[in-house]
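The residues of the chain are indexed from 1 along the displayed sequence.
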Amino acid sequence: MSSGEGGLDPATSRAVEALQALVRIPTVSHPDELDPTTFDALLVELEQRFPLVHERLEVTRVHTHGLLLRWAGRSGARPVVLMAHLDVVPVEDPARWTHPPFSGAVVDGSIWGRGTLDDKGCVVAICTAVEELLEAGHVPAQDVWLSFGCDEEVFGQAAPEAVRVLRERGVQPWFVLDEGGAVAGGAFPGVRRPVAVVGVTEKGVTSLLLRAEGRGGHASTPARNGPTARIARAITALEHSPMPASVPPPTVELFRRIAPHAGLPLGPVLAGAARVPALLVRALLAAGPETAAMTRTTFAVTTLQGSPALNVIAGAATAGVNIRVMLGDTVEDVLAHVRRAVGKDVEIEVVEEGAASPLSPYSTSGAADGEHRDEAFDLLERTIEQVFPEAVPAPYVMMAATDSRHFTAICDRVYRFAPFRMSKAQRESIHSHDEHLGVQDLLDGVAWYRRLLEELPEGSPERSPA
Ligand SMILES: [Zn+2]
């Protein structure tokens, strides 16, 4: 379809029109406070679009505008949590958008606007799937919780509060599913099929401030080794001392799974690399910063401060370091490494401490470490294969942070996957400009959540989780 939604059938138009409506309400999150009017409007819109979801599910408001909904299933033995968030990041330059960012325009078969991919598309797909199943009289095999945060983009309180409510109610989810992965096209050079990447852990975010102090004074009489020189040396030292590189097991499994789908000459190389992790490390480091980040904890010097005036010597100089902590490294390891690298000339202040999320179980077969199947991961994999037969499902390590990290406190299986086809350009549009989601891709996302909910297994786990 080229434009408009006049020709859509009712099932199509429900999801599409709901996403358009949500995109038109600019629920931009701010670190200090959110605009209650906008978020109120969004919650009203959501209720009008999905009346059965709001009538039949038990609704708990969390934090200011987060929602936690419980759909009672036939069993409470293996509850599942489907997550998404209602807030979006700001639009920096509306002029760069082909279609206005809060228009929700349907053009060339896609819905355009801020939040279509991150993450209102998931909100709409989850709600549409549940609404349709309620209309059909479906009762899920297990309790299903929907957790919609209102401040994910500013590392807010809604998700921790939802976790608190679940803990108080004694809910230990069988699995939690949040945004993160996607049915990613063009993710790996030479691999023709899209890869449906399911995040099984995410890097942690830790931030430091390096600080050097001195006498300051007039710029006409500088002394050697002042605060700015010491900070500069510390930054250079850190740049020259990266953390040791390695590939964690889920990355090895990812490459093992995609290798058969890579053409010549890459296929055999990938297959070989997956068998010899040292080769894989070398290849990932060589292929650019994006793949290099898959192999280690990274340091990025982000802020720099010295004197406020050109003719004043800084009495103190600081550099902010944003660190993404890799699975396998602890925050203590990383701090010790930084301390060694920068020496005694600068002080280190820890601004925030976040470790890598624990690794959720996933299935492997034919890997060097043998076969291991996980029933929950298998369910995701099987439903992905049913709805996206063109895709190769695979576990991966997420580089960015999601609200789901809070749920690792109450759940062993936290997965990050949004069931939408996303091209490289679409993935790059997240937090940038021209964010858009294909109409058919939204509908397939609805179909996937539906299938997942219909296929939840009965009763208790075959064996209790380790
Ligand atoms: Zn998001």
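Taking the side chain as every heavy atom from C-beta outward, Val321 and Ile348 never approach each other to under 4.5 Å. Between Met83 and Leu177, the closest side-chain pair of non-hydrogen atoms is not below 4.5 Å. Looking at Leu22 and Thr27, their side chains never come closer than 4.5 Å, going by heavy atoms from C-beta outward. In this structure, Trp145 and Val176 have side chains that are not in contact, with every pair of non-hydrogen atoms separated by 4.5 Å or more. Considering only heavy atoms from C-beta on, Glu375 stays 4.5 Å or farther from Phe175 through its side chain. Considering only heavy atoms from C-beta on, Trp97 comes within 4.5 Å of His433 through its side chain. Looking at Phe388 and Pro194, their side chains never come closer than 4.5 Å, going by heavy atoms from C-beta outward. Pro395 places none of its side-chain heavy atoms less than 4.5 Å from the side chain of Val198.
Side-chain N/O atoms of His431 and Asp118 include a donor and acceptor closer than 3.5 Å. Judged by distance alone, the side chains of Thr37 and Asp35 do bring a donor and an acceptor atom under 3.5 Å apart. Under 3.5 Å, the side chains of Thr402 and Glu152 contain no donor-acceptor pair of N or O atoms. Looking only at atom types and distance, the side chain of Asp434 has a donor-acceptor partner in the side chain of Thr98 under 3.5 Å away. Between Ser207 and Asn322, the side chains place a donor N or O and an acceptor N or O closer than 3.5 Å (distance only, hydrogens not considered).
Glu352 CD: more than 12 foreign heavy atoms inside a 6.0 Å radius. Remark: Glu213 CD is packed, more than 12 non-hydrogen atoms of other residues, nucleotides or ligands lying under 6.0 Å away.
With sequence neighbours excluded, no residue forms a ring pair (Phe, Tyr, Trp, His ring centres under 6.0 Å) with Phe407. His261 pairs by the ring pair (Phe, Tyr, Trp, His ring centres under 6.0 Å) definition with nothing, not counting sequence neighbours.
Evaluation of the side chain to side chain donor-acceptor pair (under 3.5 Å) test over residues 172-182, restricted to residues two or more places apart or in two chains, returns His85-Glu179. Applying the side chain to side chain donor-acceptor pair (under 3.5 Å) test to residues at least two apart or on different chains, the pairs with a partner in residues 222-243 are Asn225-Arg233, Arg233-Asp345. Residue pairs meeting the salt bridge (Lys or Arg N to Asp or Glu O under 4.0 Å) criterion with at least one member in residues 312-339: none, sequence neighbours excluded.
Remark: Arg257 engages Glu381 in a salt bridge, criterion side-chain N to carboxylate O under 4.0 Å. Ion pairing between Glu435 and Arg114 holds under the 4.0 Å rule for side-chain N and carboxylate O. Between Glu390 and Arg421, at least one side-chain nitrogen of the basic residue sits less than 4.0 Å from a carboxylate oxygen of the acidic one, meeting the salt-bridge criterion. Salt bridge status for Arg382 with Glu385: absent, with no side-chain N to carboxylate O gap under 4.0 Å.
Closest approach of Ile384 and Ala196 over heavy atoms only: CG2-CB, 3.6 Å. For the pair Leu86 and Lys120, the tightest heavy-atom approach, listed with the atom from each and the gap, is O-CE, 3.3 Å. Residues Leu209 and Gly320 share a closest heavy-atom pair of CD1-CA, 3.7 Å. Nearest heavy atom pair, residue Ser404 against residue Arg416, reads OG-NE, 3.4 Å. Heavy-atom minimum distance, Ala129 versus Val446: CB-O, 3.7 Å. The two residues Ser29 and Asp87 come nearest to each other via the heavy atoms OG-OD2, 3.0 Å.
For Phe255 and Phe188, the distance between ring centers is under 6.0 angstrom. Aromatic pair Trp448/Phe417: ring centres closer than 6.0 Å. Taking the centre of each ring, His337 and Phe299 come in below the 6.0 Å mark.
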What donor-acceptor contacts under 3.5 angstrom involve side-chain atoms of residues 157-166, with partners at least two apart or in another chain?
residue, atom, partner, partner atom, Å
Glu161, OE1, His63, N, 3.3
Glu161, OE2, His63, N, 2.8

